[in-house]
Amino acid sequence: MTCPLNGPRNISEFTYGGELKQMPDPNTCSVAEWADYVFNSENRLGVVTEWWMHTASSYWFLAERHTGSDEILRTFDPSELFNQRIDFAVPEAAQ
Amino acid sequence: MSLSIHHHAERSPIYELHGNAALTLLGERLFVAGSQSDSEQLQCCALIDLSNLPRVGFRGTDSATYLQREGYQLPDAPNRAVVQASGESLLRLSQTEYFLLGSLHDGGARIASEEASWHYDEGQANYLLPRQDSHAWFALTGAYLPKLFAKVCGVDLRAEAFSVDAVVQTSVARVNAIVVNAGIADLPIFHLLCDRASAHYLWGALLDAMEEFDGKPAGIGSLLDSATSAAG
C-alpha cells in the first residue's frame, strides 16, 4: 500500500481503522443512531473509503479499496475531507 | 576511579549488554568509550549505542514557528532532516511533527535545555513530545549499511534511493523505527530510533544481521572524532 506520507510500504506496516462514516451530531442524535455509528459496519461489496494507519509513523490516512478484489485504488491525507477543527461542547450536566 | 554505570541513574536500556566495555562521560552522561581499533570497525560495520544522548520532539501547527524562533533550521518537507551548525539533527516526521537529536559535540546539552525550557502555552499549538524514555537510539556505520538493512528492512536504503538527510519511518527487524541517513564525508552513518522497550531485542538482532559483514559494537570515541573532523 502507498502511504501518502511515507510512500509504498509492505502491507504488514499498516493497521486497519474501519470504514469512514459520517458522525451524527452527538448532542441531537438518538442513542440508537449513536450506537449504530460506534458499533456497526456497512460491510459493503464495492469501493469503500476506509481509515488506515501507517503503524511505524502513527499516521492516519484514508484509502479507497474495492472489497471484492482487495485492490487499493487511492490513498490520501485526511485533510482533503477534514479541513477544520471540531470542538465538542461539554454537556452542562457533565460540568 | 573508573566509571561505573551503577553510579549513574540515567542508563541506556541496554547497558547490561555492554559488559565490561570501558565507559566515558559526555557531559553528565555515560557512553561506551570504544577502543583504538574502532575507527577501522566504523568504516566496515559497527553498532553504537547513543541512547543516553538527549533527544526530544515537538508537534503542532505552531511547532515550526517555535523551532525557527529557537534558532533551528527546518527541513522543508516531511521525512527529511537538517543538520544544524551546532551539530544537532532536526528531523521532520510529518507536516507538523519534529524530532530533535542531540549533538555529540555538546553531549546533547542544547537539546536537553530545549526540553527543560519548554512550557505549555494555551495560545500556541506546540506540544512537547518527550523522547528520551520512549525511544532508544543507535548509530550504525560503515560501507555495508545498505546490505545490512536489506536483510532487516523492506525499504530500499541504498545510496541512490536514500540520500544523506533522508528519513524513513518503517519496520526494522519487525520493530517500528525511524532511520536517518546522517552520513558524513568519509563515513556512512545511519541513526536508528526505536521503541525503547524493544532495544534489547533489536541490538541483538542487528548484531546478528551484521555478523556476516564482521560488524561489531563500538564506542562513541571514533564517531566523535569522525564528526569533529567532518565539522572542522
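Here is how names work: the chains are called A, B, and so on, in the same order as the sequence lines, proteins then strands, and each is numbered from 1.
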Parallel, tilted or perpendicular: which one describes the rings of A/Phe14 and A/Trp52, with boundaries at 30° and 60°?
perpendicular

Assert top hit (heavy-atom pairs under 4.5 Å, partner chain B, pool A/Asp77, A/Leu5, A/Thr55) equals A/Leu5

Could you check which of B/Ala177, B/Ser171, B/Cys194, B/Gly154 has the highest count of heavy-atom pairs closer than 4.5 Å to chain A?
B/Ser171

Hey, what's the ring geometry for A/Phe61 with A/Tyr59, parallel, tilted or perpendicular (30° and 60° as the breaks)?
parallel

Measure A/Asn6 against the heavy atoms of chain B and call it side chain, backbone, both or neither at under 4.5 Å.
both

Which atom names give the shortest non-hydrogen contact between B/Ala173 and B/Leu202, and what distance separates them?
CB-CD1, 3.7 Å

Would you name the heavy atoms of B/His105 and B/Ser86 that are closest together and state the gap between them?
CD2-O, 4.1 Å

